[in-house]
Amino acid sequence: MDLLRYSASRFPAAHPQLPFRTPLRRRFVAVRSSLSLPFPEQNAKYYSELEAAVDVVERACRLCVDVKKSLFSSDGRILEKNDQTPVTIADFGVQALVSLEMNKLFPSIPLVAEEDSAFLRSNNLVGSVVDVVKDKATLGDEVTEDNILKAIDRGGKDAYVFAPEPATYWILDPIDGTRGFVKGSEALYVVGLALVVEGKIVLGVMGCPNWHEDCSDNSIIGVQENQSSRSGIIMVSHVGCGTWTKRFSDILSNESPHTWTRCSVDSCQMVQGARVTIPESQTWKSLPLSGLFDAKTDSENIGEGNILLLSACCGSLCKYLMVASGRASVYIQGKKATSIIKVWDHAVGIICVHEAGGKVTDWEGSSLDFAADQTERRLIFPSGGVLVTNGSLHSKIIGMISSNSSVL
């Protein structure tokens, strides 16, 4: 694919190779979602974009649910990326669906995603993706193998080179927590979509089809709950309009009233006793706060000098869901020499936490910079790692990390 150059005010029109100075353009295509937003249109500058994002994430979640039903009874549905991360037909299907729909509605806005079509081509799996996308696309007759491949590559790695100016683009994480997806009902997975305008995140939508409603402090997220408690969740956020959720099960049933609930981070003021979640690939002992607090997993036995460690699998976005919904006070992720923190993977979580009253920075207290690396924008190493909190605890934890820097 040719490398195209974009900036916030320069998007392709009929001829992508020519620079056009045009405003952010929209095609007025009807969005079929029944999910009206929880705030008036006049309060939200990007209302139409958010409506479209909610609609496509809802349908992407439906796609995931359908694929997952047949995942373990059909050979060849679980694939492997070159980096050995498990990926499924659903992963490619979500990217194809979102790319097709958002390009139709907002053709001037590029898409940053994860997959490219090379693996599907080499393994003759394009037809499988066509099958799962066709039922969820607005215009099913447009879902051809050629269009699917083009749609996937539109958001693939190295599809675009961004100009030095702050850019406008969609960021898609097709399935965050693919390890959770292939574990069946035992672990969480999230479809995440965000819009960045001139370098600023302005809206985000996260869909978690198997999110559960048990909010007890000592629950182990995504492991112990029975299937009946898994109502799923759609979380939406718009700059200046807050963060809101709706049950995915209500959307699927079309019976219950679609009531939005506004999200707020928890009110915890003391790090001691806070509810903390960390990546499943890291241990409490590997993180700097372990020098000050012991981690307990049973809320009934939290003593002085302890924090409550909540287990959540898989991926980072389900942890952002926990903080934004008030279920966890803190999510802390350390960088590791053997892996890369991709700042774009955090975009949708960042706005949802911010609009719920929380805060996200690196371990030195600096905001994650979406324009810090113009040549390889996916590969960003925040200082020390990423810290997500309810806001009240943020400066305290930054200070604690700094004073325990020898642990890093």
Discussion item. Run the salt bridge (Lys or Arg N to Asp or Glu O under 4.0 Å) test against Asp176 and tell me which residues pass, sequence neighbours left out.
Written reply: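 Expected list: none.
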Item to complete: Return the set of residues passing salt bridge (Lys or Arg N to Asp or Glu O under 4.0 Å) with Arg121 (not counting sequence neighbours), or none when no residue passes.
Response: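 Result, salt bridge (Lys or Arg N to Asp or Glu O under 4.0 Å) vs Arg121: Asp153.
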Side chain to side chain contact (heavy atoms under 4.5 Å, CB included) with [X]: which residues, sequence neighbours excluded?
X: Thr283; result: Lys285, Ser286
X: Ser99; result: Leu111, Ala151, Arg154
X: Ser264; result: none
X: Ala60; result: Val94, Leu97, Val191

Item to complete: Among residues two or more places apart or on two chains, list those pairs meeting ring-ring contact (aromatic ring centres under 6.0 Å, His included) that have a residue in residues 308-335.
Response: Tyr320-Tyr331, Tyr320-His346
Worksheet entry | Residue pairs involving residues 308-324 (criterion salt bridge (Lys or Arg N to Asp or Glu O under 4.0 Å); sequence neighbours excluded) |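 Counting only pairs at least two positions apart or across chains, the salt bridge (Lys or Arg N to Asp or Glu O under 4.0 Å) contacts touching residues 308-324 are Glu280-Lys319.
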Can you list everything that forms a side chain to side chain donor-acceptor pair (under 3.5 Å) with [X]? Sequence neighbours excluded, please.
X: Asn124; answer: none
X: Ser316; answer: none
X: Asp173; answer: none
X: Ser395; answer: none

